[in-house]
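First comes the structure, then the notes that go with it.
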Amino acid sequence: MKRLLSAVLVLFGSSVVAFLLIRLAPGDPALARLGLEADPASVAAIRRTFALDQPIVLQYVHWLSHVVAGDLGRSLQTGRPVLPLILGALGPTVLLSLAALVLSTAIAIPAGVMAASRHEKLSDYLLSLAAICALSVPSFWLGMLLVLAFTIHLPVLPASGYVSPVVDPGGFLLHLVLPTLTLGIALAASSLRITRAAMLEILGADFIRTARAKGLRRRAVLSRHALPNAMVPIVTLLGLQMGQLFGGVVVTETLFAWPGLGKLTVDAVFARDYPVVQGAVLVTATLFLLINLSTDLLYTRLDARIGSIAGGGAS
Amino acid sequence: MGPRARVGVVIVAVTMVAVLLAPMLAPYNPDALEFASILAPPGASHLFGTDDLGRDVFSRVLFGARASFMVSLASVFIAFLTGTMAGIAAGYYGGWIDEALMAVANAILGFPGILIGLALAATAGPRLENALIAIAIVDIPVFARLARSQALVVRELGYVMADRAVGLGHFHILTRTMTPNVVSPLIVQASLLVASAVIMESYLSFLGLSAQPPTPTLGSMLRQAMGFLDQAPWLAWFPGVAIFLGVLGFNLLGDGLRDYLDPQQR
Amino acid sequence: MRSITRRTFAALLATVPLLSTRGHAGHDDTLAVGIASDPVTLDPALMSSYFEISVQFNIHEPLLHMTPDFRIEPGLADWTAPDPLTYHLTLRPGLTFHDGTPVDAAAAKFNFDRMLDPATGSPRRLELAPVAAVDVTGPLTFTIRLSKPYVPLLQVLALRAGMLVSPHAVQALGPDFGSKAVGAGPYRVVRWTKNSELVLERFDGYWRGPAPIGRIVFEPVVDETARITSLRAGTFQLVDGVPPQMLGLIGRDPALTLKQMPGLGFNAFSFNTTRPPFSDVRLRRAMIASFDPDTALHAVYFGTGAVAYGAIPPSQIWAYDPGFKPYRYDHVLAKSLVRDSGAATPVELTITVTNTPSQVRIAEILQAQANLVGFNAAIRQIDPTSLITVLRRRDFDIAISPWSGRSDPDGNMFGWFTDGGPFNFSGYRNDDVTGLLNAARADSDQINRAKLYRAAQAQIATDAPMLFVVFPATIQASSASLEWNQFPDGAFQLQFARYR
């Protein structure tokens with residue numbers, strides 16, 4: 001209950017800040033819609049239709065009362081209803097984010113554990129070096145190089161665009177490859193490093209030493225004692241990454257013409273499309289809270305295990 | 001100090017020297033247009049070639065690195081200090097302090113960073129300094145949340161329990177016991193964020209929300225290069241490699257620092 | 001995890017052969033078009049951006065048709081003009097909109113009334129300003145009455161203002177009309193997924209008869225490199241907005257066709273003549289003399305297009321004067337003008353420009369050259385939405401003000417240089433020029449009009465309210481197997497396209 005209350009407060013706060021920030025930015029949404037050819041009568045008509053001539057507090061109350069009723073309004077630019085617009089963009093973003101996360105986790109966790117368990121051995125060095133290099137490559141640069149490599153020099157993949165997985169699953173996967181690699185490689189590198197760091201930390205802890213001293217096999221120590229303990233920072237990072245992905249895929253979405261939420265939001269910010277910006281911030285913030293909630297729930301479960309394992313190990 | 005850390009120190013030192021001495025090292029004025037030599041490939045007179053306005057890419061990389069790394073380091077530093085303090089406090093105290101701080105962090109994280117950049121540029125003018133602040137604001141919750149989760153673990157570990165049992169004060173525990181044990185993964189994160197700050201600055205500068213032309217940053221140079229990938233790939237190679245090397249140096253250094261700060265690992 | 005990856009990989013491999021056929025010219029009935037940006041709206045009454053130009057003519061049919069060389073032909077309607085204030089239009093019989101409702105005089109009147117109603121918020125009000133009334137005179141005939149002579153009307157009716165939409169659909173769809181659009185053009189809208197694809201299907205009731213290609217898919221790809229890459233890879237068969245630096249690359253590829261022709265618009269800067277420093281004409285002329293437009297043409301446009309000295313582009317053949325070169329790139333002159341102005345040097349100023357790479361490049365050239373003659377210019381980059389506000393509020397010293405252009409010189413001159421004109425961001429006021437442009441608008445004799453425009457251009461060059469840079473060319477590319485017509489405004493009219 002308390003959680004819910006604080007969640008609602010966060011949403012309320014974000015929506016107020018978004019409402020104010022977008023209005024702080026210079027540029028008139030009525031002019032943005034009408035373009036250079038705007039005449040004063042039309043500008044006034046649009047301001048009236050969208051209640052932009054009202055005091056800002058009234059505008060907010062008006063917006064909020066509709067949101068509570070499940071109505072996010074209509075885009076100032078296109079006249080489209082905001083909710084379907086956002087939901088339509090959410091699908092591609094979630095799919096791309098999940099693909100990148102799955103790819104990075106599939107690479108990073110085994111590799112991170114391996115690097116930590118072979119601390120200061122050749123494979124650790126090579127993995128760490130690869131991770132550090134992958135991490136140091138700017139992602140849109142990587143994306144561009146991937147495009148050149150796989151669409152021009154070796155034309156096996158589409159350079160850009162999105163195909164709905166429902167309409168054409170094969171085409172969808174093909175279009176997914178390059179953006180997923182662009183996003184996933186850097187993610188994998190950072191997950192690998194965090195996994196390795198967390199594992200090393202835990203491997204150095206007393207209870208692991210005890211477990212080792214008790215003669216437990218290395219693999220058992222790693223998987224039953226070390227990894228669960230290292231999961232807390234790893235899960236935090238995954239939660240953060242998931243969140244960052246939603247907000248931060250703009251560059252990748254632009255590069256690959258991927259019709260996601262990031263691109264929708266940035267376009268709306270630049271067109272001063274107030275209702276779309278407000279709706280997008282609200283939806284993004286809600287998603288964040290949901291991800292956080294699941295991360296926290298995972299903590300609680302991991303914590304319980306930490307308690308028992310650490311206690312058991314030390315006894 | 002391990003060999004990787006040493007390599008990191010060398011790279012960072014070279015980067016810093018190059019960046020600080022850019023005005024002396026640059027063979028040309030980085031903003032001087034030379035229409036007679038537009039898009040000249042790398043060669044004897046222009047080591048890294050010239051760009052679409054005939055400017056010397058080597059000189060621009062030096063000055064661009066200067067702007068990019070200064071902004072990135074400063075913003076990550078601000079975010080690191082603010083975020084870590086908030087995160088440790090949240091994790092250690094729990095309760096309403098935790099709730100409040102994490103609510104703020106989540107509110108920022110759930111917010112499109114570009115909106116922060118745009119609003120700052122709108123109210124305070126599009127400048128490098130404002131890009132710096134926007135990046136710091138976006139990065140603070142990253143440190144805060146990581147520090148909190150680390151603090152949650154450390155709080156329950158034996159030595160903190162012991163301190164508490166002995167009756168040491170909150171302040172002492174926070175500064176002497178918690179912080180050193182929480183900080184090491186954060187340093188890794190900080191080194192990562194220097195890299196992403198360079199990228200974010202480049203994105204802001206592409207949108208015109210950061211340094212104004214002709215002042216180069218590595219990111220704006222990369223964006224400029226995108227339109228010439230086929231005709232003049234060197235425009236993309238050199239700033240890209242400069243970001244790569246600089247960031248690599250910071251990452252290696254971060255690892256070295258981590259090993260140094262975390263005595264258990266030695 | 002490992003098994004999932006392996007399965008995904010297997011699925012990927014299995015689908016690779018699909019790629020070579022997808023969207024390739026082998027699909028003779030589908031044309032995939034890469035465009036620079038998603039359209040904002042498909043409602044011609046509300047279109048206000050350049051980005052709808054590539055799609056608009058495929059969904060909507062104007063009353064009159066303009067050929068690539070600006071001849072006006074009958075479209076949905078034929079016309080007669082008994083006097084300069086009266087235009088009789090007769091619609092073709094038996095035509096319907098995509099929803100089956102009839103294209104008749106009542107529908108035409110509904111469209112005009114809608115565009116002229118301020119509550120609609122239609123940018124068309126401006127170009128239809130001289131229209132006093134639209135009267136229905138029969139089931140298929142109607143009359144447009146003007147309040148004063150307006151020669152460009154016929155051209156206006158061949159563009160967005162002449163595109164008829166279904167009144168029934170406008171009423172039934174309400175605010176959703178902009179995303180569903182029911183017109184009378186060669187293709188009807190199947191679906192439009194924001195930022196992803198706009199799918200059109202052949203409309204069998206089109207007045208010219210069904211179009212050769214059955215299905216058109218527009219996909220917005222903002223990044224120009226990615227757009228061209230997709231053309232080269234065969235994902236697109238036609239692309240808009242080819243960057244000049246890629247001409248060589250595309251020209252060398254035998255599988256591609258490159259088309260370019262003079263465009264309609266200009267790229268220029270407006271001086272703010274209402275405040276210092278550019279309230280002083282000497283400083284405006286100094287700035288112009290400091291700037292070498294040939295350099296910009298070569299460095300930014302790679303030699304495509306033409307240097308601009310005024311607002312009338314070479315494509316408007318009857319009005320364009322190739323000998324009109326009132327300025328010279330001359331730093332000695334520029335320095336002496338700055339000295340004569342008596343202003344304290346260096347003269348501080350800000351160049352306001354949008355964050356588009358090519359515009360920034362032009363600003364950088366202008367900055368570097370102006371700073372050599374006694375100015376100290378800073379650059380301020382803003383987004384295009386802010387630019388409109390900044391221009392309207394005259395919150396600038398010198399600001400980029402590009403214009404997509406119109407087929408008639410009136411569209412490039414009247415709004416820009418008449419006193420109080422909607423695009424007169426300079427705050428320029430010269431009663432002679434206003435008089436000349438009003439006279440040119442009312443004169444039906446082309447030779448007279450050309451003289452009037454030349455006189456106006458000469459006076460404008462002396463007063464220097466704007467710094468003209470170039471007339472950009474319209475550059476587009478396609479796969480070599482596609483036959484299609486290029487139009488100076490960059491519009492795609494794909495009812496005329498077919499695969500070889």
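Below, read A as the first sequence line, B as the second, and so on, with proteins coming before strands; counting in each chain starts at 1. Heavy-atom basis, side chains included; hydrogens, waters and symmetry copies ignored.
- Identified under the salt bridge (Lys or Arg N to Asp or Glu O under 4.0 Å) test for residues 221-237 of chain C, with sequence neighbours left out: B:Asp230-C:Arg232.
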Run the numbers on C:Phe266 and C:Trp416 for ring pair (Phe, Tyr, Trp, His ring centres under 6.0 Å), then give the verdict. CA-CA 12 Å; C:Phe266 53 75; C:Trp416 291 84; 5.1 Å; yes

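- Most heavy-atom pairs under 4.5 Å with chain C, from the set A:Thr49, A:Asp39, A:Ile46, A:Asp267: that is A:Asp39.
- With chain C as the partner, the residue from A:Ser164, A:Ala89, A:Ala45, A:Ala44 showing the most heavy-atom pairs under 4.5 Å is A:Ala45.
- For residues 113-129 of chain C, the interface with chain A (any heavy-atom pair closer than 4.5 Å) comprises C:Pro118, C:Ala119, C:Thr120, C:Gly121, C:Ser122, C:Pro123, C:Arg124, C:Arg125, C:Leu126, C:Glu127, sorted by residue number.
- Both the backbone and the side chain of A:Arg33 come within less than 4.5 Å of a heavy atom of chain C.
- With chain A as partner, the option from C:Thr225, C:Thr41, C:Leu46, C:Ile388 having the largest number of non-hydrogen pairs under 4.5 angstrom is C:Ile388.
- For the options A:Ala30, A:Ala257, A:Gly88, heavy-atom pairs under 4.5 Å to chain C are most numerous at A:Ala257.
- For A:Trp258, the ring-ring contact (aromatic ring centres under 6.0 Å, His included) partners two or more places apart in sequence, or in a different chain, are A:Tyr162.
- You'll find the side chain of A:Leu146 reaches within 4.5 Å of the side chain of A:Leu181, heavy atoms only.
- Using a 3.5 Å distance cut-off with no hydrogens or angles, the side chains of C:Ser270 and C:Ser401 do pair a donor with an acceptor.
- Contact of A:Leu36 with chain C is made through backbone and side chain together, with heavy-atom distances under 4.5 Å.
- Taking 4.5 Å as the limit, every side-chain heavy atom of A:Tyr274 sits out of range of all side-chain heavy atoms of A:Val269.
- With respect to A:Asp28 and A:Arg272, no salt bridge is recorded, no charged nitrogen being found less than 4.0 Å from a carboxylate O.
- Per-residue counts of heavy-atom pairs under 4.5 Å with chain A were compared for C:Ala226, C:Gly178, C:Ser230; the largest is that of C:Ser230.
- For C:Ser196, the parts lying near chain A are the backbone and the side chain together; criterion is any non-hydrogen pair under 4.5 Å.
- Chain A forms the most heavy-atom pairs under 4.5 Å with one residue out of C:Arg392, C:Arg393, C:Lys194, C:Glu197, and that residue is C:Arg392.
- Taking the charged nitrogens against the carboxylate oxygens, A:Arg80 and A:Asp273 have no contact shorter than 4.0 Å, which rules out a salt bridge.
- Interface remark: C:Phe425 contributes side-chain atoms only to the contact with chain A (heavy atom separation under 4.5 Å).
- Using modelled atom types, one finds a donor on one side chain and an acceptor on the other under 3.5 Å when comparing A:Glu253 with A:Thr93.
- With sequence neighbours excluded, the residues that form a side chain to side chain donor-acceptor pair (under 3.5 Å) with C:Asn267 are C:Tyr301, C:Gln359.
- Side-chain N/O atoms of C:Arg215 and C:Thr30 include no donor and acceptor closer than 3.5 Å.
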